Amino acid sequence: MFFLQATDTTPSTGISPLMFLGTLGMLMLAIGIVGFVIYHQRKVIRYNHELKRLEEEKQQILLNASIRFQEEERNRIAADLHDDAGPLLATARLYLNENLVNQEKSQQLQSIYSAKQIIDEAILLIRNISHSLMPPTLKNFGLESATTDLFQKISGSGSLNASARFHDYRVRLKVEQELLVFRIIQELVNNIMKHSNAGFIHLTQNNSGNKMYFRVHHDGTGIVQTEFEKLNHSALGLGLKNIASRIRVLNGRIFFEIDPSHTYFKITLEIPRETSL
Amino acid sequence: MGLFYKNNKSEKLKVFYIYIICNSTLLGGELLLKYIFPLRELYLLNVRVQLLVELSFLLFYFIANFQTPSAKKFFKIILPLFIVITTYDYIVTSKTKFGADQAIAESFFMLLLLFYFFFEKIKYDVQAPLYESKIFWIAGAFFIFFAGNFFLLIYSKSMSNNPVFKQQYLTIYNSFNIIKNLILCIALYFKETNKPISTNYGGIDTSIEDTFFFNNPNS
């Protein structure tokens, strides 16, 4: 195209200023577009960096919350052991002190019986502490049984109507996954019971592709996704932060929403299926 | 170009190297047919082939960098369309006159392609600054070149007999050619990097109906 000039040299009218304006305009337009692309992209990159920074901040909050939660849990166990199991065993020891041999037989039997009762109580207490750490139903029979058991206990208390239905749980998840899901469900149910004033809670489970879904319905006062995100970024809502950190471990997702009819709230939990087989 | 090739050996850039080799060869042919063996008909045919080769290579180079499959398919139509225009223009235009329509069509298609290229860059490429990539400078060079010459080519159809226009045509065309080549030289300093494609930050599939949880054929 460098050599496109015509050979015919018949002079004619002068050059149209429109051509120069057009060329100049096109050049300005091209430079403008390129400039805009650079400007816009820089803006987006800056925004992404900001988003990344916020995400890191959120991670830090979650980590702190998780550490705090762990400490609280340890304190609770320590308090249970110190305040309940400790005095019980100390009392049992008093009954079985050295003077026991010097006592009368009836008194000895009474002391041994009392000590036995106290030791039984201590055993029960320790079992309860242990169960709160790892529910035996979950360990032995799986998530379905543990969840159904939990919901039956809630329903049995008479405070609200709770039910759980597992549609397709023929193959169990990995034990650690089951525990995490159970804790999330427990936390959700606790929150609903504490804050929502709900009349019913219903949990359903199903599979789709390589994903497992859990959905909790309740008719109380709930939260939607934006509120969940907001609480997650704030210093409040330790329980929700625990849910978020557990979901992160599971590589799952959670979605809080209100039904279009505004009659009940839905919480959907999506987790990848990693079976124990 | 040797230095350029030594530092940058990505698959996509090979198209660009082949384009440079083909273009240089055809340019050599143009010089030969213009000044050494003046055969106007053959010279003009050579120009037409050069335009066709230029558009084909640039088209494939930029299409290879597109991320949307539908856009790739759409822009591939340009080549057969351009071949049709070239053939038609060659048949209807006098063999001793340059067919400006073909050059206008090339500029138009290239501007369209590059406009979409920048649009896609805005949409998807948000990982690293765009001006650090080779393709951005190559695209920028051709965008300025084709945009600058677009009006010139439109006018060249009606004013090719004007010697003043011819002079100004050469000045403007050469200026944009120099700018293009300078920007292409800048591209030499940047290393080709494979950046990840944008991530989908979509939430959970909320389209799952409640019935999914209540009706299961397996249960």
Side-chain angles (χ1 to χ4, degrees), chain A residues 1-16 18-31 33-34 36-38 40-42 44-45 47-48 51 165-170 204-208 211 213-215 217 225 252-255 257 259 266 268-270, chain B residues 27 30-31 34 40 43 47 50-51 97-98 100 103 111 115 118-119 121-122 125-131 136 139-140 143-144 146-152 154-156 159-166 168-170 172-174 176-177 203-206 208 210 212-216 218-219:
Chain A
M1 274 171 65
F2 180 84
F3 307 101
L4 289 185
Q5 66 272 31
T7 45
D8 190 356
T9 54
T10 317
S12 67
T13 54
I15 304 303
S16 163
L18 199 66
M19 189 197 81
F20 284 105
L21 284 175
T23 305
L24 201 69
M26 284 297 278
L27 183 69
M28 288 294 132
L29 192 71
I31 292 169
I33 288 171
V34 174
F36 172 75
V37 169
I38 294 173
H40 184 271
Q41 209 232 9
R42 276 172 69 101
V44 172
I45 289 170
Y47 174 76
N48 279 351
L51 214 64
R165 176 89 196 267
F166 281 63
H167 284 288
D168 186 6
Y169 199 70
R170 286 167 296 179
T204 38
Q205 173 277 338
N206 217 331
N207 296 322
S208 176
K211 298 273 168 64
Y213 293 90
F214 294 89
R215 184 168 277 180
H217 293 84
Q225 193 66 12
R253 291 186 293 185
I254 196 161
F255 195 76
E257 61 187 316
D259 188 74
K266 291 189 281 189
T268 312
L269 173 67
E270 180 197 86
Chain B
L27 199 72
E30 270 183 43
L31 281 167
K34 176 86 181 165
R40 186 151 176 86
Y43 159 72
V47 170
Q50 193 197 352
L51 292 181
K97 278 183 86 179
F98 172 69
L111 286 174
F115 188 78
F118 285 121
F119 167 74
K121 284 284 160 194
I122 284 181
D125 216 337
V126 289
Q127 304 296 320
L130 201 55
Y131 50 80
F136 169 76
F143 197 50
I144 289 169
F146 284 110
N149 284 324
F150 190 63
F151 263 76
L152 202 66
I154 290 173
Y155 270 84
S156 72
M159 298 185 76
S160 60
N161 295 336
N162 187 334
V164 184
F165 173 79
K166 200 175 86 176
Q168 295 204 352
Y169 173 96
L170 278 175
I172 296 170
Y173 184 84
N174 288 343
F176 282 118
N177 211 9
I204 203 165
D205 183 10
T206 52
I208 300 169
D210 283 343
F212 165 74
F213 288 96
F214 295 113
N215 306 312
N216 183 19
N218 299 326
S219 63

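Note that the structure is a prediction, hence the values are computed from the model and not measured. We name chains A, B, ... by the order of the sequence lines, and we start the count at 1 in each one. Just the heavy atoms: all of them, side chains too, but no hydrogens, waters or symmetry mates, feed the values below.
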Suppose we screen for side chain to side chain contact (heavy atoms under 4.5 Å, CB included). Which residues come up paired with Ile45(A), at least two apart in sequence or across chains?
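Ile45(A): side chain to side chain contact (heavy atoms under 4.5 Å, CB included) contacts with Gln41(A), His49(A), Pro129(B).
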Using non-hydrogen atoms and a 4.5 Å limit, figure out which bit of [X] sits close to chain A: side chain, backbone, both or neither.
X	answer
Phe176(B)	side chain
Phe143(B)	both
Ile154(B)	neither

So, do Phe151(B) and Leu21(A) sit near enough that their side-chain heavy atoms are less than 4.5 Å apart?
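SC-SC contact between Phe151(B) and Leu21(A) ruled out.
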Quick one: are Arg42(A) and Tyr131(B) in side-chain contact, heavy atoms under 4.5 Å?
yes
Nearest-0.5 Å distance that lies between atom CZ in Phe150(B) and atom CG in Leu27(A):
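Those atoms lie 14.5 Å apart.
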Nearest 0.5 Å, what's the CD1-CE distance between Ile144(B) and Met26(A)?
12.0 Å
Based on non-hydrogen pairs under 4.5 Å, which of Phe119(B), Phe115(B), Phe136(B) is most in contact with chain A?
Phe136(B)
Could you work out, with ring-ring contact (aromatic ring centres under 6.0 Å, His included) as the rule, every residue matching Tyr169(A), not counting sequence neighbours?
Phe166(A)
Where does Val44(A) contact chain B at under 4.5 Å (heavy atoms): side chain, backbone, both or neither?
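Val44(A) touches chain B through side-chain heavy atoms alone.
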Measure across Leu130(B) and Val37(A) and return the closest heavy-atom pair with its distance rounded to 0.1 Å.
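So the minimum-distance heavy-atom pair works out to CD2-CG1, 3.2 Å.
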